[in-house]
Protein chains: 2
Amino acid sequence: MLSKKTKYGIKALTYICGHKSDGPIPIATIAEAENISHKFLETILLTLRKGGILASKKGKGGGYYLLKDPNEVFMSDIIRLLSGPIAMVPCVSLNFYEKCDDCPDENTCGINRLMLEVRDSTLKVLKAKSLAQLTLESSK
Amino acid sequence: MLSKKTKYGIKALTYICGHKSDGPIPIATIAEAENISHKFLETILLTLRKGGILASKKGKGGGYYLLKDPNEVFMSDIIRLLSGPIAMVPCVSLNFYEKCDDCPDENTCGINRLMLEVRDSTLKVLKAKSLAQLTLESSK
DNA sequence: TGCATTCCCTACTATTTCGATAGGGTTAAT
DNA sequence: ATTAACCCTATCGAAATAGTAGGGAATGCA
(Lines give C-alpha, C1' and ligand atoms only; values in the text may rest on other atoms or scores of the structure.)
Protein backbone atom coordinates (compact mmCIF):
# COMPACT_ATOMS: atom_id res chain seq x y z
CA MET A 1 0.00 0.00 0.00
CA LEU A 2 1.06 3.55 -0.72
CA SER A 3 1.90 5.45 2.44
CA LYS A 4 0.07 8.67 3.14
CA LYS A 5 3.36 10.44 2.89
CA THR A 6 3.70 9.35 -0.70
CA LYS A 7 0.10 10.02 -1.55
CA TYR A 8 0.23 13.49 -0.05
CA GLY A 9 3.47 14.13 -1.86
CA ILE A 10 1.94 13.26 -5.20
CA LYS A 11 -1.08 15.39 -4.49
CA ALA A 12 1.07 18.33 -3.49
CA LEU A 13 3.17 18.01 -6.62
CA THR A 14 0.07 17.83 -8.74
CA TYR A 15 -1.22 20.97 -7.09
CA ILE A 16 2.02 22.84 -7.60
CA CYS A 17 2.21 21.70 -11.19
CA GLY A 18 -1.33 22.83 -11.85
CA HIS A 19 -0.61 26.28 -10.43
CA LYS A 20 2.87 26.82 -11.63
CA SER A 21 2.05 30.10 -13.34
CA ASP A 22 1.24 31.58 -9.92
CA GLY A 23 4.86 31.53 -8.80
CA PRO A 24 5.95 29.89 -5.54
CA ILE A 25 3.10 28.20 -3.67
CA PRO A 26 3.16 28.38 0.15
CA ILE A 27 2.81 25.16 2.10
CA ALA A 28 -0.31 26.54 3.77
CA THR A 29 -2.10 26.95 0.47
CA ILE A 30 -1.44 23.36 -0.57
CA ALA A 31 -2.27 22.01 2.87
CA GLU A 32 -5.62 23.69 2.83
CA ALA A 33 -6.49 22.80 -0.75
CA GLU A 34 -5.57 19.14 -0.36
CA ASN A 35 -6.59 18.69 3.26
CA ILE A 36 -3.19 17.74 4.59
CA SER A 37 -1.73 18.63 7.97
CA HIS A 38 0.51 21.65 7.45
CA LYS A 39 3.36 20.29 9.50
CA PHE A 40 3.30 16.87 7.95
CA LEU A 41 3.27 18.37 4.49
CA GLU A 42 6.24 20.48 5.44
CA THR A 43 8.40 17.41 6.00
CA ILE A 44 7.20 15.87 2.77
CA LEU A 45 8.01 18.90 0.67
CA LEU A 46 11.38 19.08 2.32
CA THR A 47 12.09 15.56 1.08
CA LEU A 48 10.99 16.48 -2.41
CA ARG A 49 13.26 19.51 -2.39
CA LYS A 50 16.23 17.50 -1.20
CA GLY A 51 15.39 15.00 -3.90
CA GLY A 52 15.78 17.68 -6.53
CA ILE A 53 12.20 17.83 -7.73
CA LEU A 54 11.15 21.01 -5.96
CA ALA A 55 12.88 24.22 -5.03
CA SER A 56 11.78 26.80 -2.51
CA LYS A 57 11.84 30.50 -1.88
CA LYS A 58 11.90 31.78 1.68
CA GLY A 59 10.21 34.78 3.23
CA LYS A 60 7.19 36.74 2.22
CA GLY A 61 5.87 35.74 -1.16
CA GLY A 62 7.86 32.53 -0.89
CA GLY A 63 6.82 28.93 -1.29
CA TYR A 64 7.61 25.89 -3.37
CA TYR A 65 7.95 25.56 -7.12
CA LEU A 66 9.00 22.90 -9.55
CA LEU A 67 12.69 22.65 -10.23
CA LYS A 68 12.35 20.19 -13.06
CA ASP A 69 10.20 20.10 -16.16
CA PRO A 70 7.03 18.22 -15.13
CA ASN A 71 7.31 16.19 -18.31
CA GLU A 72 10.56 14.83 -16.99
CA VAL A 73 9.35 13.93 -13.52
CA PHE A 74 8.05 10.38 -13.50
CA MET A 75 5.88 8.65 -10.98
CA SER A 76 8.65 6.14 -10.36
CA ASP A 77 10.96 8.97 -9.27
CA ILE A 78 8.44 10.41 -6.85
CA ILE A 79 7.57 7.08 -5.29
CA ARG A 80 11.20 6.12 -4.89
CA LEU A 81 11.93 9.37 -3.11
CA LEU A 82 9.01 9.12 -0.73
CA SER A 83 8.52 5.37 -0.22
CA GLY A 84 11.83 3.84 -1.16
CA PRO A 85 12.09 0.73 -3.34
CA ILE A 86 9.42 -0.17 -5.85
CA ALA A 87 10.40 -3.84 -5.85
CA MET A 88 8.65 -6.23 -3.49
CA VAL A 89 11.85 -7.91 -2.37
CA PRO A 90 15.17 -6.15 -1.82
CA CYS A 91 17.03 -8.66 -4.00
CA VAL A 92 15.37 -7.38 -7.18
CA SER A 93 15.53 -3.68 -6.39
CA LEU A 94 17.37 -1.57 -8.96
CA ASN A 95 18.01 1.41 -6.71
CA PHE A 96 18.01 -0.18 -3.27
CA TYR A 97 19.47 -3.62 -3.87
CA GLU A 98 20.13 -5.81 -0.87
CA LYS A 99 20.60 -9.53 -0.51
CA CYS A 100 17.68 -11.27 1.15
CA ASP A 101 18.96 -12.55 4.46
CA ASP A 102 16.89 -15.70 4.29
CA CYS A 103 17.67 -16.72 0.72
CA PRO A 104 20.72 -18.91 0.08
CA ASP A 105 20.85 -18.44 -3.70
CA GLU A 106 19.12 -15.86 -5.87
CA ASN A 107 19.67 -17.86 -9.02
CA THR A 108 17.52 -20.75 -7.91
CA CYS A 109 14.95 -18.67 -6.03
CA GLY A 110 11.53 -18.75 -7.60
CA ILE A 111 10.38 -15.74 -5.63
CA ASN A 112 13.28 -13.74 -6.97
CA ARG A 113 12.33 -14.43 -10.57
CA LEU A 114 8.68 -13.79 -10.03
CA MET A 115 9.28 -10.51 -8.26
CA LEU A 116 11.65 -9.44 -10.98
CA GLU A 117 8.80 -9.74 -13.42
CA VAL A 118 6.50 -7.84 -11.12
CA ARG A 119 9.02 -5.07 -10.71
CA ASP A 120 9.50 -4.73 -14.43
CA SER A 121 5.83 -4.52 -15.18
CA THR A 122 5.20 -2.04 -12.38
CA LEU A 123 8.10 0.11 -13.42
CA LYS A 124 6.90 0.16 -16.97
CA VAL A 125 3.66 1.77 -15.85
CA LEU A 126 5.24 4.18 -13.39
CA LYS A 127 7.90 5.34 -15.80
CA ALA A 128 5.35 5.98 -18.49
CA LYS A 129 3.44 8.51 -16.42
CA SER A 130 4.90 11.97 -15.88
CA LEU A 131 3.81 14.55 -13.36
CA ALA A 132 2.56 16.70 -16.23
CA GLN A 133 0.29 13.90 -17.45
CA LEU A 134 -1.06 13.15 -14.01
CA THR A 135 -1.79 16.81 -13.41
CA LEU A 136 -3.71 17.05 -16.65
CA GLU A 137 -5.82 14.02 -15.80
CA SER A 138 -6.55 15.23 -12.31
CA SER A 139 -8.02 18.50 -13.51
CA LYS A 140 -10.50 16.85 -15.82
CA MET B 1 7.73 -4.93 0.27
CA LEU B 2 6.65 -8.51 0.80
CA SER B 3 6.24 -9.35 4.47
CA LYS B 4 8.16 -12.26 5.90
CA LYS B 5 4.88 -13.91 6.61
CA THR B 6 4.10 -13.97 2.92
CA LYS B 7 7.57 -14.96 1.90
CA TYR B 8 7.65 -17.80 4.42
CA GLY B 9 4.21 -18.86 3.30
CA ILE B 10 5.31 -19.11 -0.30
CA LYS B 11 8.42 -21.04 0.67
CA ALA B 12 6.42 -23.44 2.80
CA LEU B 13 3.94 -24.04 0.00
CA THR B 14 6.76 -24.62 -2.41
CA TYR B 15 8.25 -27.15 -0.04
CA ILE B 16 4.97 -28.96 0.46
CA CYS B 17 4.35 -28.98 -3.26
CA GLY B 18 7.79 -30.39 -3.94
CA HIS B 19 7.26 -33.21 -1.44
CA LYS B 20 3.64 -33.97 -1.98
CA SER B 21 4.24 -37.63 -2.66
CA ASP B 22 5.46 -38.01 0.96
CA GLY B 23 1.99 -37.48 2.41
CA PRO B 24 1.30 -34.88 5.10
CA ILE B 25 4.36 -32.81 5.99
CA PRO B 26 4.77 -31.80 9.65
CA ILE B 27 5.38 -28.14 10.44
CA ALA B 28 8.68 -29.03 12.07
CA THR B 29 10.04 -30.52 8.86
CA ILE B 30 9.27 -27.42 6.85
CA ALA B 31 10.50 -25.09 9.56
CA GLU B 32 13.83 -26.82 9.66
CA ALA B 33 14.25 -27.11 5.91
CA GLU B 34 13.38 -23.47 5.23
CA ASN B 35 14.83 -21.98 8.40
CA ILE B 36 11.62 -20.54 9.73
CA SER B 37 10.56 -20.28 13.37
CA HIS B 38 8.31 -23.23 14.08
CA LYS B 39 5.71 -21.20 15.93
CA PHE B 40 5.59 -18.43 13.38
CA LEU B 41 5.20 -20.92 10.59
CA GLU B 42 2.38 -22.54 12.51
CA THR B 43 0.28 -19.38 12.32
CA ILE B 44 1.09 -18.95 8.66
CA LEU B 45 0.03 -22.47 7.74
CA LEU B 46 -3.11 -21.99 9.75
CA THR B 47 -3.98 -19.02 7.57
CA LEU B 48 -3.33 -21.01 4.43
CA ARG B 49 -5.54 -23.78 5.67
CA LYS B 50 -8.36 -21.42 6.52
CA GLY B 51 -7.88 -19.90 3.10
CA GLY B 52 -8.57 -23.24 1.49
CA ILE B 53 -5.17 -23.88 -0.02
CA LEU B 54 -3.89 -26.38 2.51
CA ALA B 55 -5.50 -29.09 4.59
CA SER B 56 -4.10 -30.79 7.63
CA LYS B 57 -4.11 -34.09 9.37
CA LYS B 58 -3.85 -34.14 13.11
CA GLY B 59 -2.09 -36.53 15.42
CA LYS B 60 0.86 -38.78 14.89
CA GLY B 61 1.87 -39.00 11.24
CA GLY B 62 -0.06 -35.83 10.58
CA GLY B 63 0.95 -32.61 8.90
CA TYR B 64 -0.06 -30.35 6.06
CA TYR B 65 -0.84 -31.19 2.48
CA LEU B 66 -2.21 -29.38 -0.55
CA LEU B 67 -5.95 -29.24 -0.82
CA LYS B 68 -5.96 -27.80 -4.30
CA ASP B 69 -4.19 -28.73 -7.49
CA PRO B 70 -0.94 -26.75 -7.47
CA ASN B 71 -1.61 -25.80 -11.08
CA GLU B 72 -4.69 -23.99 -9.86
CA VAL B 73 -3.08 -22.10 -7.01
CA PHE B 74 -1.80 -18.76 -8.27
CA MET B 75 0.63 -16.40 -6.67
CA SER B 76 -2.07 -13.75 -6.53
CA ASP B 77 -4.19 -16.04 -4.34
CA ILE B 78 -1.37 -16.73 -1.93
CA ILE B 79 -0.34 -13.10 -1.60
CA ARG B 80 -3.91 -11.96 -1.06
CA LEU B 81 -4.35 -14.47 1.70
CA LEU B 82 -1.18 -13.60 3.52
CA SER B 83 -0.66 -9.90 2.77
CA GLY B 84 -4.07 -8.64 1.83
CA PRO B 85 -4.67 -6.35 -1.14
CA ILE B 86 -2.38 -6.35 -4.13
CA ALA B 87 -3.41 -2.85 -5.13
CA MET B 88 -1.41 0.10 -3.84
CA VAL B 89 -4.49 2.10 -2.89
CA PRO B 90 -7.70 0.65 -1.42
CA CYS B 91 -9.86 2.41 -4.00
CA VAL B 92 -8.56 0.19 -6.81
CA SER B 93 -8.56 -3.09 -4.94
CA LEU B 94 -10.67 -5.83 -6.46
CA ASN B 95 -10.96 -7.96 -3.36
CA PHE B 96 -10.54 -5.41 -0.59
CA TYR B 97 -12.14 -2.29 -2.01
CA GLU B 98 -12.49 0.71 0.23
CA LYS B 99 -12.99 4.36 -0.51
CA CYS B 100 -9.92 6.47 0.15
CA ASP B 101 -10.79 8.71 3.05
CA ASP B 102 -8.86 11.63 1.64
CA CYS B 103 -10.10 11.53 -1.93
CA PRO B 104 -13.24 13.44 -2.82
CA ASP B 105 -13.83 11.86 -6.22
CA GLU B 106 -12.33 8.71 -7.69
CA ASN B 107 -13.33 9.64 -11.20
CA THR B 108 -11.11 12.69 -11.33
CA CYS B 109 -8.29 11.25 -9.23
CA GLY B 110 -5.08 10.80 -11.19
CA ILE B 111 -3.63 8.51 -8.55
CA ASN B 112 -6.64 6.23 -8.85
CA ARG B 113 -6.16 5.77 -12.56
CA LEU B 114 -2.46 5.28 -12.32
CA MET B 115 -2.76 2.72 -9.56
CA LEU B 116 -5.41 0.90 -11.50
CA GLU B 117 -2.91 0.39 -14.27
CA VAL B 118 -0.29 -0.75 -11.79
CA ARG B 119 -2.68 -3.20 -10.23
CA ASP B 120 -3.62 -4.66 -13.59
CA SER B 121 -0.06 -5.17 -14.70
CA THR B 122 0.97 -6.69 -11.38
CA LEU B 123 -1.99 -8.99 -11.33
CA LYS B 124 -1.26 -10.15 -14.83
CA VAL B 125 2.11 -11.40 -13.68
CA LEU B 126 0.90 -12.91 -10.42
CA LYS B 127 -2.01 -14.70 -12.00
CA ALA B 128 0.19 -16.20 -14.65
CA LYS B 129 2.35 -18.04 -12.15
CA SER B 130 1.03 -21.09 -10.38
CA LEU B 131 2.46 -22.80 -7.35
CA ALA B 132 3.36 -25.76 -9.54
CA GLN B 133 5.43 -23.56 -11.82
CA LEU B 134 7.19 -21.82 -8.98
CA THR B 135 8.02 -25.14 -7.37
CA LEU B 136 9.54 -26.43 -10.57
CA GLU B 137 11.69 -23.34 -10.98
CA SER B 138 12.87 -23.42 -7.40
CA SER B 139 14.20 -26.93 -7.69
CA LYS B 140 16.40 -26.17 -10.69
C1' DT C 1 15.11 48.90 11.57
C1' DG C 2 11.43 46.07 12.75
C1' DC C 3 8.02 42.94 11.86
C1' DA C 4 5.29 39.59 9.48
C1' DT C 5 5.75 35.80 6.47
C1' DT C 6 7.56 31.74 5.00
C1' DC C 7 10.68 27.96 4.74
C1' DC C 8 14.37 25.01 7.63
C1' DC C 9 15.51 21.41 10.66
C1' DT C 10 15.64 18.23 14.42
C1' DA C 11 13.51 15.82 17.76
C1' DC C 12 9.77 13.78 19.77
C1' DT C 13 5.29 11.15 20.41
C1' DA C 14 1.39 8.24 19.41
C1' DT C 15 -0.43 4.59 16.78
C1' DT C 16 -0.23 0.70 13.98
C1' DT C 17 1.96 -3.19 11.86
C1' DC C 18 5.18 -6.91 11.90
C1' DG C 19 7.71 -10.72 13.58
C1' DA C 20 7.83 -13.76 16.90
C1' DT C 21 6.66 -16.27 21.23
C1' DA C 22 3.87 -18.45 24.90
C1' DG C 23 1.11 -21.82 26.47
C1' DG C 24 -2.45 -24.65 26.98
C1' DG C 25 -6.09 -27.42 24.25
C1' DT C 26 -7.56 -31.04 20.87
C1' DT C 27 -6.97 -35.01 17.88
C1' DA C 28 -5.23 -39.32 16.41
C1' DA C 29 -1.95 -43.41 16.01
C1' DT C 30 0.10 -47.06 18.44
C1' DA D 1 -1.90 -44.18 28.20
C1' DT D 2 1.51 -41.96 25.73
C1' DT D 3 3.28 -39.37 22.25
C1' DA D 4 3.21 -36.74 18.06
C1' DA D 5 1.07 -33.52 15.80
C1' DC D 6 -2.07 -29.63 14.79
C1' DC D 7 -5.41 -25.76 17.00
C1' DC D 8 -6.11 -21.28 18.77
C1' DT D 9 -5.81 -17.02 21.24
C1' DA D 10 -3.22 -13.79 23.57
C1' DT D 11 0.68 -11.23 24.19
C1' DC D 12 5.09 -8.78 23.52
C1' DG D 13 8.91 -6.10 21.61
C1' DA D 14 10.67 -3.72 17.68
C1' DA D 15 10.09 -1.14 13.76
C1' DA D 16 7.55 1.78 10.65
C1' DT D 17 4.16 5.24 9.96
C1' DA D 18 1.63 9.44 10.87
C1' DG D 19 1.71 13.43 12.87
C1' DT D 20 3.36 17.25 16.33
C1' DA D 21 6.37 20.68 18.56
C1' DG D 22 9.14 24.39 18.59
C1' DG D 23 12.66 27.28 17.72
C1' DG D 24 15.81 29.10 13.82
C1' DA D 25 16.86 31.55 9.50
C1' DA D 26 15.85 34.08 5.39
C1' DT D 27 13.15 37.47 2.90
C1' DG D 28 10.09 41.35 1.70
C1' DC D 29 8.10 45.51 2.97
C1' DA D 30 6.77 49.52 5.63
Side-chain angles (χ1 to χ4, degrees), chain A residues 1-12 16 22-32 34-51 53-67 79 81-85 88-90 96 100-102, chain B residues 1-12 16 22-32 34-51 53-67 79 81-85 88-90 96 100-102:
Chain A
M1 284 278 159
L2 265 200
S3 66
K4 292 207 169 181
K5 183 174 174 181
T6 306
K7 215 168 165 186
Y8 290 165
I10 295 174
K11 290 195 171 190
I16 293 171
D22 303 357
I25 318 282
I27 297 174
T29 306
I30 306 168
E32 199 179 344
E34 300 291 339
N35 246 286
I36 306 170
S37 141
H38 180 110
K39 276 302 206 178
F40 193 25
L41 184 56
E42 203 173 324
T43 65
I44 296 168
L45 295 182
L46 203 60
T47 305
L48 290 170
R49 183 177 62 80
K50 287 184 179 168
I53 294 176
L54 291 177
S56 60
K57 188 169 181 298
K58 288 184 192 170
K60 199 168 185 177
Y64 281 91
Y65 56 94
L66 284 168
L67 189 60
I79 293 177
L81 251 180
L82 295 171
S83 306
M88 296 184 79
V89 280
F96 301 85
C100 289
D101 48 359
D102 54 347
Chain B
M1 283 278 158
L2 265 200
S3 65
K4 291 207 170 181
K5 184 173 175 181
T6 306
K7 216 168 165 186
Y8 290 164
I10 295 174
K11 289 195 171 190
I16 293 170
D22 303 357
I25 319 279
I27 298 173
T29 307
I30 306 167
E32 199 178 344
E34 300 291 338
N35 246 285
I36 306 170
S37 142
H38 180 110
K39 277 300 206 178
F40 192 25
L41 184 57
E42 201 173 326
T43 66
I44 295 167
L45 295 181
L46 203 58
T47 305
L48 290 169
R49 183 177 61 80
K50 288 184 179 168
I53 294 175
L54 290 178
S56 61
K57 188 169 182 299
K58 287 185 194 171
K60 200 168 184 175
Y64 282 90
Y65 55 94
L66 283 168
L67 188 60
I79 293 177
L81 253 180
L82 296 171
S83 308
M88 295 184 80
V89 281
F96 301 84
C100 291
D101 48 0
D102 55 347

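Between B:Tyr64 and D:dC7, a side-chain N or O to OP1/OP2 separation shorter than 4.0 Å is present. Regarding contacts with the backbone of C:dG19, every side-chain N or O of B:Lys7 stays at 4.0 angstrom or more from both OP1 and OP2. Here A:Arg49 does not reach the OP1 or OP2 of C:dT6: none of its side-chain N or O atoms lies under 4.0 Å away. Dashed line: the shortest gap from a side-chain N or O of A:Ser3 to OP1 or OP2 of D:dA16 is not under 4.0 Å. Residue B:Lys60 has no polar side-chain atom (N or O) positioned under 4.0 Å from OP1 or OP2 of D:dC6. Here B:Tyr8 reaches the OP1 or OP2 of C:dA20: one of its side-chain N or O atoms lies under 4.0 Å away. At least one side-chain nitrogen or oxygen of A:Ser37 sits closer than 4.0 Å to the OP1 or OP2 atom of D:dT20.
The CG-C1' distance, from B:Leu2 to C:dT17, rounds to 16 Å in whole Å. Here the P atom of nucleotide C:dC7 and the CD1 atom of A:Ile44 are 14 Å apart, to the nearest Å. Spacing between atom NZ of B:Lys5 and atom P of C:dA20 amounts to 12 Å, rounded to whole angstrom units. In this structure, the CG atom of B:Leu82 is 12 Å from the P atom of C:dC18, given to the nearest Å. The separation between A:Ile36 atom CD1 and D:dT20 atom C1' is 16 Å, rounded to whole Å. Between the P atom of C:dT6 and the CD1 atom of A:Ile16 lies a distance of 15 Å, rounded to the nearest Å. Rounded to whole angstrom, the span from the NZ atom of B:Lys57 across to the C1' atom of D:dC7 amounts to 16 Å. Taking atom CG on A:Leu45 and atom P on C:dC7, their separation rounds to 8 Å, with Å as the unit.
In this structure, OH in A:Tyr65 is found 8.5 Å from NZ in A:Lys57, a value given to the nearest 0.5 Å. Of the inter-residue distances, the one linking B:Lys7 atom NZ with A:Met88 atom CE reads 11.0 Å to the nearest 0.5 angstrom.
The residue among A:Lys4 and B:Pro26 whose nearest nucleotide of DNA chain D is located toward the 5' end is B:Pro26. When each of A:His38 and A:Gly61 is assigned the nucleotide of DNA chain D bearing its nearest heavy atom, the one mapping closer to the 5' terminus is A:His38.
Relative to the side chain of B:Phe40, the nucleotides C:dA20, C:dA29, D:dA18 differ in distance, and C:dA20 lies closest. For B:Thr43, the listed nucleotide lying nearest its side chain is C:dT21; candidates were D:dC8, C:dT21, D:dA18. Relative to the side chain of A:Leu46, the nucleotides C:dC9, D:dG28, C:dG19 differ in distance, and C:dC9 lies closest. Out of D:dC7, D:dT9, C:dA29, the shortest distance to the side chain of B:Lys50 is found at D:dT9. Distance from the side chain of B:Lys58 is smallest to C:dA28 among C:dC8, C:dG19, C:dA28.
With B:Tyr8 as the partner, the side chain to side chain contact (heavy atoms under 4.5 Å, CB included) test is satisfied by one option alone out of B:Ile36, B:Leu82, B:Asn35: B:Ile36.
With contacts defined as side-chain heavy-atom distances shorter than 4.5 Å, the pair B:Ile30/B:Ile27 does not qualify. The side-chain heavy atoms of B:Asp102 and A:Lys11, taken from C-beta on, include a pair separated by under 4.5 Å. In this structure, B:Leu54 and B:Leu66 have side chains that are in contact, with non-hydrogen atoms separated by less than 4.5 Å.
Taking only distance into account, the side chain of A:Lys39 meets the base of D:dG22 through a donor-acceptor pair shorter than 3.5 Å. A donor and an acceptor atom sit less than 3.5 Å apart, one in the side chain of B:Glu42 and one in the base of D:dC8.
Across all strands, A:Ile27 comes closer than 4.0 Å only to sugar-phosphate atoms, never to a base (heavy-atom distances).
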